[in-house]
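Scroll down for the structure; my scribbles are underneath it.
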Amino acid sequence: MATLKTLNEFIIEKQSEHHNATGEFSRLFGDITIAAKIINREVNKAGLVDITGAYGTENVQGEAQQKLDVYANEIFIGALRNGGECAAIASEEDEDIVILDGPSANSKYLVAMDPLDGSSNIDVNVSIGTIFSIFKRKDTSVPVTRDEFLRKGIEQVAAGYVIYGSSTMLVYTTGSGVNGFTLDPSIGEFCLSHPDMKIKEDGKIYSINEGNINISTKGVKEYVQDCQEQLFSARYIGSLVADFHRNLLKGGIYIYPATEKAPNGKLRLLYECSPLAMLAEQAGGKASDGKNRIMEIDPTELHQRVPYYVGSTKMVEKAESYL
Ligand code: AHG
Ligand code: MN
Ligand code: MN
């Protein structure tokens, strides 16, 4: 039997390639994987909780009443706080940044995250995910501010996601390719299963909420028509992570455009679009807001939204040509 390489082993191996690495990044990553494993465990119990749910929903005190996205947020913040390598977190679930004091106060790293992506899919047993983006602080001697998170995607030192699907996977990049690890539940370890992932230059899958087509711009309508004329497959789960993951493996485009309802689209730049843009580019794909490279957008707000076109390079370029 071939020996499996665990995520831990992989990270330590990578660390030793950087002679001035201190191990802090590896430990930060370790904290993220611990949180991912805990969330995975809870996600897998979601159905059981629902079966006994009548009590749960009536429990006024109740932890069981907590929505999984709030729970996931707490798990991540707790893991990063205990780990001590992250100075502050920007999360979809928190209006402001969460500053981690104690041993974390002078830590080098900042994490932006969507702790639970696709939360409308939890109750219906459809894949959901976690997205994270990591920045290095420029100056660790000063207190962290909200503005420190307003960084371009190109400044990310790492980005990744976890998909809780038919199996649980963690996919990440530190800027030298994309690697995917599948959780082996029997040993509780993420093992390298998808080394050096590449997205096809062109694809035949388009992922967009077509229910919004009538409130989309002419360019988006025309691009979708173009996909239909070529008999492409429409695949849209409603969990960005899951739609992105499928298109990464098979070739395709994910679109969340500007609509009349949401003039800047729905997805958030810092903890949804930027990290997946880094992954897409590292896999040979492309990510754009229709005009500009996502990775070069200078954010002005923590929870800023942007229209999003991500996936196979040729598909993203063709979509742009319609806009
Ligand atoms: P979240 O669960 O983190 O709020 O994200 C939901 C996002 C994304 O995952 C998904 O692709 C999109 O919302 C679906 O939106 P529509 O229901 O408008 O298609
Ligand atoms: Mn999300
Ligand atoms: Mn979310």
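Read the numbers this way: they start at 1 and go in the same order the structure lists the ligands and their atoms. What you see is a predicted model, and the numbers here were worked out from it, not measured in a lab.
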Which residue and heavy atom of the protein sit nearest atom 9 (O) of ligand 1, plus the separation: Asp117 OD1, 2.7 Å
Tyr254 vs Tyr236 aromatic rings, parallel, tilted or perpendicular, using cut-offs 30° and 60°? parallel
Mark up the atoms of ligand 1 that fall under 4.0 Å of a heavy atom belonging to Tyr236, in ascending order. 11 (O), 12 (C), 14 (C), 15 (O), 16 (P), 19 (O)
Please classify the Asn209 to ligand 1 contact at 4.0 Å (heavy-atom distances, strictly less than): side chain, backbone, both or neither. side chain
How long is the gap from CD1 on Ile205 to CG on Leu249, to the nearest 0.5 Å? 9.5 Å
Taking all non-hydrogen atoms of both residues into account, name the closest pair between Ser107 and Arg137 and its distance. O-CD, 3.5 Å
When you compare the side chain of Val111 with that of Phe135, does any pair of heavy atoms fall below 4.5 Å? no
Under a 4.0 angstrom heavy-atom cut-off, which atoms of ligand 1 come close to Gly238? 9 (O), 10 (C), 11 (O), 14 (C)
Please examine the side chains of Pro307 and Pro257, heavy atoms only from C-beta on, and report whether any two atoms are closer than 4.5 Å. no
Within-4.5 Å side-chain heavy-atom neighbours: Ile32 and Phe132: yes
Just which atoms of ligand 1 are under 4.0 Å from any heavy atom in Gly118? 1 (P), 2 (O), 3 (O), 5 (O), 9 (O)
Does the side chain of Leu269 come within less than 4.5 Å of Arg305's, by heavy atoms? no
Considering only N, O or S atoms of Asp114, the one closest to the Mn ion (ligand 3): OD1
In terms of residue, atom name and distance, what is the protein heavy atom nearest to atom 4 (O) of ligand 1? Glu92 OE2, 3.2 Å
Side chain, backbone, both or neither: which part of Asp114 comes within less than 4.0 Å of ligand 1 when only heavy atoms are counted? side chain
Taking only non-hydrogen atoms of Ser239 and a 4.0 Å limit, the atoms of ligand 1 in range are 9 (O), 11 (O)
Derivation of the salt bridge (charged side-chain N to carboxylate O under 4.0 Å, His left out) call for Arg268 and Glu92: CA-CA 8 Å; Arg268 274 65 46 111; Glu92 185 196 334; 3.3 Å; yes
Any side-chain heavy atom of Ile208 within less than 4.5 Å of one from Val224? yes
Check whether any heavy atom of Leu116 sits under 4.0 Å from an atom of ligand 1. yes
Out of Lys266, Glu272, Lys261, the nearest non-hydrogen contact to atom 15 (O) of ligand 1 is supplied by Lys266
Hey, is the Mn ion (ligand 3) within less than 2.8 Å of some N/O/S atom on Glu92? yes
Could you check whether any side-chain heavy atom of Glu95 comes within less than 4.5 Å of a side-chain heavy atom of His303, counting everything from C-beta outward? yes
Side chain, backbone, both or neither: Arg268 near ligand 1, heavy atoms under 4.0 Å: side chain
Kindly report the OE2-the Mn ion (ligand 2)-OD1 angle for Glu272 and Asp117 respectively, rounded to 10°. 120°
Considering Tyr271, Tyr254, Tyr256, which one's heavy-atom position lies nearest to atom 11 (O) of ligand 1? Tyr254
Looking at the Mn ion (ligand 3), is there an N, O or S atom belonging to Leu116 that lies under 2.8 Å away from it? yes
Within-cut-off N or O pair, Asn212 and ligand 1, under 3.5 Å: no
Within 4.0 Å of some non-hydrogen atom of Leu240, the atoms of ligand 1 are 8 (C), 9 (O), 10 (C), 11 (O)
So, do Phe190 and Asn8 sit near enough that their side-chain heavy atoms are less than 4.5 Å apart? no
